2 protein chains.
Amino acid sequence: MKRAAPQIRDVAAAAGVSHQTVSRVLNDSPNVRPDTRQQVLDAMERLQYRPNRAARALGLGRAKAVTVVTANTTLYGYAGVLQGVEEAGRLLGLTVGIRVVASDAAADVRNAVEYVGDPSCGNVVVVAFDPAGSGVLRAMPDGLPMVAATEAGGLPGVDRRMIFLDERQAAADATRHLLGLGHRTVHHVAIPSEVRDSARQGGWRAALESAGAAVPEVVPAGWDLRSAHRAGQALAADRAVTAILCGNDDTALAVRRALHEAGRDVPGDVSIVGFDDVPGAAFWTPALTTVRMDFAGLGRACVAALADDGDPVRLDPPSLVIRESTAPPRSR
Amino acid sequence: MKRAAPQIRDVAAAAGVSHQTVSRVLNDSPNVRPDTRQQVLDAMERLQYRPNRAARALGLGRAKAVTVVTANTTLYGYAGVLQGVEEAGRLLGLTVGIRVVASDAAADVRNAVEYVGDPSCGNVVVVAFDPAGSGVLRAMPDGLPMVAATEAGGLPGVDRRMIFLDERQAAADATRHLLGLGHRTVHHVAIPSEVRDSARQGGWRAALESAGAAVPEVVPAGWDLRSAHRAGQALAADRAVTAILCGNDDTALAVRRALHEAGRDVPGDVSIVGFDDVPGAAFWTPALTTVRMDFAGLGRACVAALADDGDPVRLDPPSLVIRESTAPPRSR
DNA sequence: CAACATCGAGCACGCCCATGC
DNA sequence: AGCATGGGCGTGCTCGATGTT
C-alpha cells in the first residue's frame, strides 16, 4: 500500500524533474521555464499533491501563518478584528490561529507570549484593547514579526508597530450633533481605556470646550452590561442630564434600560449615542445613533502590514450615523 | 553566535542524557527514573527550552491542535462555539486554529476541506449550522479526526460524530408559557435550518398541538436582521397575532422593531420570545424572554470528544428564561 | 536464565536552501 | 539560465543495549 499523501519527490518523479524544481514551482521562483513549470503543475494536479505545512514551517524556521492574541473573541470590537484577520489571512493562503490571554496576570501574559514565540505561529497580531492585551504587547520579544491593533493613538511608551482606528473626530461630531440639537451639555459614560485620554473622551471634551459647554465628570463603566447599567442609573437620577455619549453600543443598551427604569424616555427626555454600530443598532427601538467602527478593516490592515506588500490598507475612518435615539431636549 | 532557540539536544547535553530521554520526559513516558526526569526538567528550565511544535507535528504526522471550521465567527452561536473550543483547546495545551468557509459553493467547501486535511491542523471541529458548514462536514474525508457541532438531532444521513444542544424541550416550554399566559396561539419566525423540522419548530408545534391550539404557518427569515424585520412586518400587520416565538434573539430584535413601527407594543399588544439569551437580552427594554443556549459549552464538549479522555462533557440543556417581553394578551 | 526497567543510537518526517554542474 | 544533489530544520519512534531483580 502506498503512502497516504504524495510528497514533493513523488511529484518530481511524475513530472520528470528533481524535487528541487518542484520546490521552486511551489515558491514560484522565477528560474523555472514555463513549460517545466506547467509539467510540474500538471503532476501536482494529477497526484492531488498538497504541501505539508509543518515541514515547510520546520525548514523555513517560521510558518506562513498569522495568529491573533486577544483577551476576548466575542465582544464586538475584538470579534471584528478577528474576523478581519481571518479573512485577510485566508486570502493570502496563511494558516490562521488564535490565542486568548485569560487575564493580565503575569502568568497568563507569559504563557501567551511563549505560545506565539513558537515558529509555527507565524506572524502575530496582538489585540491590545485592554490590560491583558497590552501586557502581552509589552512582553513581546523583539524580532518576532508582529503588529498590534490598539486604541486610537497607540500605546504611549511602547515601541511596536501599532495600527488603530481614530474615532476622535467622530466623537467630537457626535458631541456637536447633540449640542446642535439644543442640549446644554453632553455626559459621557466611558468604557475601559489603556490611555489617559481616550479618543472618545478627547473628542467629546474638545467639542464641549470649544462650544463653551460645561464638561461633566466622566462616568466610568466596565465591559460588562451590569456596570454600564449602574453608570446609567447614576445619570438617570440626575434630571439635568439630557444627553449621554456612551462608550459603546452595549453600554448604550444598559444606559437606555436604566433610563427607562427611571421613567425617562429616549430620545424624548434623554438622547443617547453609542460607539461601534453593531448590526442590531439600526433595529433598536428607537434605532441607535452611533459611531460606526470598522474593526474588520482594522484586522485586515494588520495582516496587510505584516505581509508588507507595500500597499497599506486604507482604514475607513469612524463616522457618526444619526438615527432615532437623539433628538432635541424636551422644552419645558 | 549560538542558535536562538535551544533544542532537545541542548537540553540533553545539559542534563547529561540522550535526546531521546528528553523526548520521553516531554511526552511523559513512564520509563524514566524520577531523578533523571528531574535533571532533565531542571535543564529545560535553565535553558528556557520550548519544544518546537512544527517539528513535533512533522514527526508525529499530525499536530497537537484543534481547528474549527465555520461559516461565521461573529454571530452569537458561532462565536460561542469558537470561544468554547478555544478555551478547552488552550487548557489542553493545543494549538487552536480557525478557518472560515466563505460559502457553500463547491470551491469554497473544497478549499476548506483541503485546508484542514493538512496534518498541522490537528483535530477538527466543524460548525455545521448552515449549508456551508454541513457541506464541509459531508465532504470531509474519512479518517480525519473530527467532530461536528450541529443543530439539535444532528444531520440525518451523515455518518460523523456530531454533538449538539437540544432546545426542543425549551421551545415547547416557551410555547406553553405563552399559551399559559392566555394567548390563543403562538406564531413562529424561523431562522434557517439544515433539517426538515428543527428542534425549535418541532417543540413549538408539539406544544401547540398538544394544547389543541391552531398551528400557524411558519414565517421564514434569514440570518440577517433585514429579513427578520420583513418577517416581523408581515406578522405585525395581522392584528390576530399576539405572541411570537422568534428563531433567535437577533430575530426578536428586528421583529420587535417591526411591531413598534406598526404601533404595537411589546408586551402589551404582542409577546415575543427569542432563542440564545445574548448578553444584552436582559438589558433590553423590555428585557427579553428567551431560551438560554450554552454554545461555549458545546464548543468545549467538541474538544473533549476529540480528546476522548473518557469523560464526556455534560451539556447544559437549553432553558427558558422568563423576563419582560411576555405578558397576558390585552383583554378586549 | 527470564523478565523488566531504563536509556541510547539512528532514522524518518517533508520541505527549503546552498552548492555545484 | 536552468537543473540536480546533499545537508539541515527539531522532533518522535523503532530497535537494541545495558543493568537489575
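Just so it is clear: chains get the letters A, B, ... in the order the sequence lines come, proteins before strands, and each one is counted from 1. What you see is a predicted model, and the numbers here were worked out from it, not measured in a lab.
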Rounded distance (Å) that lies between atom [atom2] of [N] and atom [atom1] of [X]:
{"X": "B/L58", "N": "D/dC9", "atom1": "CG", "atom2": "P", "answer": "14 Å"}
{"X": "A/R62", "N": "D/dG10", "atom1": "CZ", "atom2": "P", "answer": "13 Å"}
{"X": "B/K64", "N": "D/dG10", "atom1": "NZ", "atom2": "P", "answer": "20 Å"}
{"X": "B/R9", "N": "D/dT11", "atom1": "CZ", "atom2": "C1'", "answer": "9 Å"}
{"X": "B/I8", "N": "D/dG12", "atom1": "CD1", "atom2": "C1'", "answer": "8 Å"}
{"X": "A/Q7", "N": "C/dA12", "atom1": "CD", "atom2": "P", "answer": "12 Å"}

Heavy-atom pair of closest approach, residues A/V136 and A/A112: CG2-CB, 4.1 Å
Upstream residue (5' side of DNA chain D) when A/P34 and A/Q20 are each assigned their closest nucleotide: A/P34
Please state whether the phosphate of [N], meaning OP1 or OP2, lies under 4.0 angstrom from any side-chain nitrogen or oxygen of [X].
{"X": "A/T36", "N": "D/dG2", "answer": "no"}
{"X": "B/T21", "N": "C/dT6", "answer": "no"}
{"X": "A/N27", "N": "C/dC16", "answer": "yes"}
{"X": "A/S23", "N": "C/dC16", "answer": "yes"}
{"X": "B/R33", "N": "C/dC7", "answer": "yes"}

Do the side chain of [X] and the main chain of [Y] share a donor and acceptor less than 3.5 angstrom apart?
{"X": "A/R53", "Y": "A/L94", "value": "no"}
{"X": "A/R160", "Y": "A/M140", "value": "yes"}
{"X": "A/D10", "Y": "A/Q7", "value": "yes"}

Donor + acceptor pair across side chains of A/Q39, A/D35 (<3.5 Å):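 No.
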Is there a donor in the side chain of B/E151 and an acceptor in the side chain of B/S193, or the other way round, less than 3.5 Å apart?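 Indeed, the side chains of B/E151 and B/S193 share at least one donor-acceptor pair under 3.5 Å.
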DNA chain D contacts among residues 89-98 of chain B, heavy-atom distance under 4.0 Å: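 Hits under 4.0 Å, by residue number: none.
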Between [options], which one does the side chain of [X] approach most closely?
{"X": "A/H19", "options": "D/dG10, C/dC17, C/dG8", "result": "C/dC17"}
{"X": "B/N52", "options": "D/dG10, D/dC13, C/dT6", "result": "D/dG10"}
{"X": "B/R56", "options": "D/dG12, D/dG2, D/dG6", "result": "D/dG12"}

Once rounded to the nearest 0.5 Å, what's the spacing between atom CG of B/L58 and atom CZ of A/R56?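 Here the interatomic distance stands at 13.0 Å.
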A/R300 side, atom CZ; A/E86 side, atom CD - distance, nearest 0.5 Å: 11.5 Å
At less than 3.5 Å, do the side-chain atoms of B/R24 and the base atoms of C/dG8 form a donor-acceptor pair?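 Counting by modelled atom types and ignoring angles, a donor-acceptor contact under 3.5 Å is found here.
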How bent is the helix from C/dA2-D/dT21 to C/dC21-D/dG2, comparing axes over its five end pairs at each side, to the nearest 10°? 40°
Need one value for B/R50: base, sugar-phosphate or nothing, where a base atom within 4.0 Å counts as base even if backbone is also close, heavy atoms only. sugar-phosphate
